[in-house]
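Taking it in order: structure first as C-alpha cells, then the write-up.
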Amino acid sequence: MTLFVEVALPVRVNTPFTYQLSTDEPLDAGTRVLVPFNAKQLVGIVLCCKNEIDFDPKKVKPVTKVLDTTPALSADMLELARWVSQYYHYRLGECLSLMLPKGLRGDNPAQKSTVSVTQLTDKGKLVHPNQLAKKPKQQAWLSQLNSQAAISSKQATSLELSPSSRNTLIKQGLVVKTDLPIPILHNQATDPNALELNTEQQTVLDNIALDAGFQCHLIFGVTGSGKTEVFLQLMQQVLDQNKQVLILVPEISLIDQTIKRLKARFDTTFALLHSGLNDTQRNDAWLDARSGDARIVLGTRSSVFCTLPDLGLIIVDEEHDGAYKQNDTLRYHGRDVAIVRAQKQNIPVVLASATPSLESLHNALNNRFVLHRLTQRAANAQMPFIEMVNLKQHEPVDGISQPLHSRIQQHLEHNKQVLLFLNRRGFAPTVMCTECGWQAVCHQCDARLTLHKNQLICHHCNQSQPILRQCKSCSSHSLTAIGNGTVRSEMYLETHFPNTHIIRLDKDSTQTKDALKTQLEIISNGEPCIIIGTQMLAKGHHFDQVTLVGVLDCDSGLFSADFKGEERTLQLLTQVAGRSGRAKDLGEVLIQTYHPTHPLFQAIENNQYEFYAQQLLDARHDMLLPPFNFSALIQADHQYAYTAESALIALKQIPLPPQVDCIGPMPAFMAKLANRYRFHLVLKSQHRSQLHMAITILQNALQKQSKVRWFIDVDPNEL
DNA sequence: AGCACGCCGACT
DNA sequence: GTCGGCGTGCTC
C-alpha cells in the first residue's frame, strides 16, 4: 500500500499538501522533508502520515528527500505551532518554518558543525614525548596531546605549536587530523555556592512548587531585590531533577550578564540563542538544546520555540519588556507563547519583573497567576531618593539644568558614577528655520529628520541626507537645531567635565561588534564617569558604582496618544531609578520635567509603582482597553493612501459577529512610512472567540485581494 | 509568495 | 495581427 504524508510548507496558503513516500516506513510528525512545489524544491514539515487521499491521485508528487532521522520539531512544538498559527492568524507552514533555526530552513542535514582537530593515532599513543627530545617542536605537540585529547588549529596557534612539525608527525603516522563536532558549551562553576536568601526570597522559593504541573508565577520584586538569586536556586532544583531550564530575556544585551551569573553558579552545559550568532552557531546551539545535551537554554524571544526534550521550567525575565513582542512577520508575544507552552507541557513558568506589565499584574491580582512579592532590596541596599527638577524654573542648556549639573559635579567629586538617561539619539530631533518656521522632514515618511554629527537621518526609514545650509522654503541661513539628543548632551558634558570619562550608550555608539561589551566593562571598573544613553540603559544592567541617575526628558511619554504610553513611562522611570544605589551607597535620582505635578511623578517619588499601575488599570477598565477587552489590528498599506484606505473601507462592509466592534479605518500614527501609506482597522471584543471569528472572516477577504499589502496583529502593542 | 493563464489596449 | 498590461487562481 502506498503511504502519503501531509506536509506544511512555508507558503502563503493555509492548507497542507500531500506527497507520496517511496517506502512504506511511516515518518514521524515534525520531520523535515524536501518536496517539489511548483517549479521549486521546498522544505516542509510532516504533519501526519495517511493511507488514502481525497483528491486526484495523478497530481500527487513524491517526496524528494527525507531530511531528518529525528524529527526537527517535537510533537509538543508542533502542537504549540498549531496554537500560535490559530491565535496570531498566521499560516501554519510559515510558523513552523520560523520555529526552526535559519540553518535548518534549507535542505541541510540537522548536524552540528565540525572543527578540524589533531589527535594521536594508536601508534602515536605508544610514543613517549621524551623519545622526541631531539625534536623539541614535535615533542611539544606530543606532550600537549598527552594532556589534551584533541587540539584545534586555533588552539595550536595560541599554544605556539608549529603546524609544519604537525605535518611531519602526520607523515610518521603518529598524529592524525580529524573533523569533530563543535563541543557543547560546558562550564566549570567558579562560585557554585548559593547565596543566603532573606526571608522574603526564601518564601518565594518555597512557594514555587516544581512538581505541581502547570502554574504561572509572577515574581514582582523591586529593583535590586535579588530576583535572580531566587531563580538560580529554583533552577538548581530543576537541574537536580534532571530537567532542562529555558530562560528568556528581552534582548541580546542582557544575555552577557545573565550568562556570567549562570556560568559562575552552575557546573553544566548551556545553549545560547540570540540574534548575535551566525547561522552555524545558532544551528549548533539549537541542536544542543534539541538533543537535550544543553541543560540550560538562555535566549531571546524566539528561543521559546526551541525543541527541548526534558523541559522542566521556563523563566521569563523582565516580562514587562516590549521587546518580547515581535513586530514583523509572525507577530507573537514571547511571554504569552511561553505561558501557553508551559501549559501545554504541564510545567511551571516564572515571570519576573520589578515593573510587571499591567496584563500580568491584572492576571496576578485575579489569581490566574500566583503572585510573589519581593519588597526589600537585598544586601541592605536602600531605595534611592527621588527628586523632581522643574524645568520651567531651571531652563536646561543642551538638555541639562543647573541643579542637575551641580549634582553631577558633587557625585563625581565623591568618586562615584553618574548615569543620564535620554531616550533620543543623535544631536537634535529637529532642524528648523527661525525665519519662516520650516522644518527638515523626510521625503519618505511623516517624520522630522534628526540632526546627527555629519548628516540628517530619518529614524524611521534610515534614509540620510547631507546637512542643509539654507532653508528649503525661504532660503535664509537661519537654520537652528531644536531640542536635544544624546550626542548634544554628550558634547555639553565633554565641555563642562573635561577630565571625566563620558560614555555614550545608544544604538549609534554600540553598532560595532563588542562595542557595548567594552563600554560596559569600562563602567564596571568603577572609575568615576558619566554614562549617557537611551533606553538600553534601563534594561536590568548592574551598575554598582552609580549613585546618581538623571532623567533628562521623559515628558513626551506622559501625554502619548498610545494607550500603553503611560505604562511604559512608569516602567522606564522605575527601572532607570533602580539603576541607582545598587550597592552600599544611597542613590539619588533627579527627574527633569516641565510637568512636575503630574501624578505619575508623585508615584515614582514615593516608590508607588503598584499603586499607580492599579490606577492605570482602573482607567483601562473604564475605557474598555486591554486587559479588559481583547483587540486586534489590521493594517493595510500601499503607495497610494486612497488605495490603502479603500481596501479597509471595503473590508468594513463585511458583517461581523455581533459582539465585535470594528473601528476605522484610520491613518496609522505615522501614516506615511518609507513611501507607503498605512491605514488601520481595529477590532475589539469582550469575547476572545468572537474576536478570532471576526479576524478569520476579514482575513479570508484580504487573501482574495492582491492590491494592498496587509498584516494582522493580535494583542497589538500600540492602538 | 511565485508563476501561468487569460482577456483587453497600443504598437511594428 | 502581436506584445505586454496586470486581474485571477493554483500550487500536492
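Because the structure is predicted, anything quoted here is derived from the model rather than measured. These values consider heavy atoms only, across backbone and side chains, with no hydrogens, waters or symmetry-generated copies. Proteins get letters first, then strands, A, B, ... in listed order; numbering begins at 1 in each.
With sequence neighbours excluded, no residue forms a salt bridge (charged side-chain N to carboxylate O under 4.0 Å, His left out) with A:Arg282. Residues meeting the side chain to side chain donor-acceptor pair (under 3.5 Å) test with A:Arg12, sequence neighbours left out: none. Applying the side chain to side chain donor-acceptor pair (under 3.5 Å) test to A:Gln86 and every residue at least two apart in sequence or in another chain returns nothing. In this structure, the side chain to side chain donor-acceptor pair (under 3.5 Å) partners of A:Tyr87, at least two apart in sequence or on a different chain, are A:Arg688, A:Asp715. Listed by chain and residue number, nothing satisfies the side chain to side chain donor-acceptor pair (under 3.5 Å) test with A:Arg91 (two or more places apart in sequence, or in another chain). Contacts of A:Asp76 classified as salt bridge (charged side-chain N to carboxylate O under 4.0 Å, His left out), with partners at least two apart in sequence or in another chain: none.
Within the structure, every pair that satisfies the side-chain hydrogen bond (donor to acceptor under 3.5 Å, both in side chains) test and touches residues 97-114 of chain A, not counting sequence neighbours, is listed here: A:Lys112-A:Asp288, A:Ser113-A:Asp284. Within the structure, every pair that satisfies the side-chain hydrogen bond (donor to acceptor under 3.5 Å, both in side chains) test and touches residues 36-59 of chain A, not counting sequence neighbours, is listed here: A:Glu6-A:Lys50, A:Gln41-A:Thr64. Listed by first and then second residue, the side-chain hydrogen bond (donor to acceptor under 3.5 Å, both in side chains) pairs that reach into residues 653-668 of chain A are A:Gln659-A:His687, A:Gln659-A:Gln690, sequence neighbours excluded.
Of the residues in residues 17-39 of chain A, those lying under 4.0 Å from DNA chain C by heavy-atom distance are A:Phe17, A:Thr18, A:Tyr19, A:Pro36, A:Phe37, A:Asn38.
Partner of A:Asp637 under the salt bridge (charged side-chain N to carboxylate O under 4.0 Å, His left out) criterion, out of A:Arg678, A:Lys707, A:Arg709, A:Lys672: A:Arg709 alone.
Residue-level contact check: A:Val60 touches the backbone only, with heavy atoms under 4.0 Å from sugar-phosphate atoms and none from bases.
In 5' to 3' order, the nucleotides of DNA chain C bounding all contacts with chain A (an atom under 4.0 Å from a heavy atom) are C:dT8 to C:dC12. Chain A approaches DNA chain B over the interval B:dA1 to B:dG2, counting the first and last nucleotide 5' to 3' with an atom under 4.0 Å from its heavy atoms.
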